[in-house]
Amino acid sequence: MADPTDEDRSRDAAAFIGLVTQLKWQPKVWKAVGEIGFEWIAAGKHAFVSIIGDGRFAYTMLVDGKFRPGDEDGPLVTTLPHDLRLYLDAG
């Protein structure tokens, strides 16, 4: 399989952003070489989603002062894992 392209990343990011637009707590979105990041930061809370364009994403959340990976390993960009939704809804 070929490496994901900027077009792949943009497509996946657009799909993911459709999942979080209804949330009260909106992310900051940034782009780096090979990645589009979504980041939520508030006092004592920090969540991060990384999209590289392969149709899936990685995520982590700050819990008790430490980052921990999400419960789901490599969820599709068209789904919002339950643990991440709860974390963001509580933001």
Side-chain angles (χ1 to χ4, degrees):
M1 182 175 166
D3 288 338
T5 64
D6 283 343
E7 186 176 303
D8 295 328
R9 282 182 280 283
S10 293
R11 178 201 63 233
D12 286 355
F16 182 78
I17 210 159
L19 299 173
V20 299
T21 55
Q22 79 280 6
L23 299 174
K24 220 175 5 174
W25 191 14
Q26 290 298 297
K28 292 184 181 183
V29 181
W30 52 265
K31 184 177 179 181
V33 175
E35 176 183 36
I36 296 176
F38 292 79
E39 198 164 19
W40 295 261
I41 302 172
K45 292 189 76 169
H46 189 164
F48 179 74
V49 166
S50 173
I51 292 177
I52 61 168
D54 64 353
R56 299 183 174 278
F57 67 92
Y59 67 108
T60 186
M61 298 164 288
L62 185 66
V63 177
D64 296 327
K66 296 180 183 177
F67 279 99
R68 69 167 186 83
D71 290 343
E72 293 187 32
D73 185 25
L76 296 173
V77 295
T78 55
T79 63
L80 190 59
H82 183 70
D83 62 331
L84 182 58
R85 178 181 297 278
L86 288 175
Y87 190 86
L88 298 176
D89 277 344

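One is the number of the first residue; the rest follow in order along the sequence.
Annotation: the span from Asp3 atom CG to Ile52 atom CD1 amounts to 9.0 Å, rounded to 0.5 Å. Taken to the nearest 0.5 Å, the CD1 atom of Ile17 stands 11.0 Å off from the OG atom of Ser10. Between Phe67 atom CZ and Leu62 atom CG the span is 5.0 Å, to the nearest 0.5 Å. Lys28 contributes atom NZ, which lies 6.0 Å from atom CD1 of Ile41 (distance to the nearest 0.5 angstrom).
Inter-residue side-chain proximity for Met61 and His46 is flagged as unmet; no heavy-atom pair is nearer than 4.5 Å. Using a 4.5 Å cut-off on side-chain heavy atoms (C-beta onward), Val29 and Ile36 make contact.
Seen from the ring of Tyr87, Lys45 counts as a face-on cation partner, given the 6.0 Å and 45° thresholds.
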Could you pull out every donor-acceptor pair under 3.5 Å between side chains of residues 74-84 and any protein atom, sequence neighbours left out?
unit_1	atom_1	unit_2	atom_2	d
Thr79	OG1	Leu76	O	2.9
Asp83	OD1	Tyr59	OH	2.7
Asp83	OD2	Tyr59	OH	3.3
Asp83	OD2	Asp71	N	2.8

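Nearest approach of Phe16 to Val49, heavy atoms of both residues: CZ-CG2, 3.8 Å. The two residues Thr60 and Pro69 have their closest heavy-atom pair at OG1-N, 3.9 Å.
The 12-atom threshold is exceeded at CD of Gln22, counting heavy atoms of other residues, nucleotides or ligands nearer than 6.0 Å.
Between the Gln26 side chain and the Trp40 main chain, no donor and acceptor come within less than 3.5 Å of each other.
Under the side chain to side chain donor-acceptor pair (under 3.5 Å) criterion, Arg85 pairs with no residue, sequence neighbours left out. Among residues two or more places apart in sequence or in another chain, the side chain to side chain donor-acceptor pair (under 3.5 Å) test is passed with Ser50 by Glu35.
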Exercise for the section: Go through the steps for Asp89 and Leu23 under the test side chain to side chain contact (heavy atoms under 4.5 Å, CB included), then give the verdict. Expected result: CA-CA 7 Å; Asp89 277 344; Leu23 299 174; 2.8 Å; yes
Handout entry: side chain to side chain contact (heavy atoms under 4.5 Å, CB included) evaluation trace for Phe48 with Phe38
Key = CA-CA 6 Å; Phe48 179 74; Phe38 292 79; over 6 Å; no
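Comment: Asp12 does not engage Arg9 in a salt bridge, judged by the lack of any side-chain N to carboxylate O separation of less than 4.0 angstrom.
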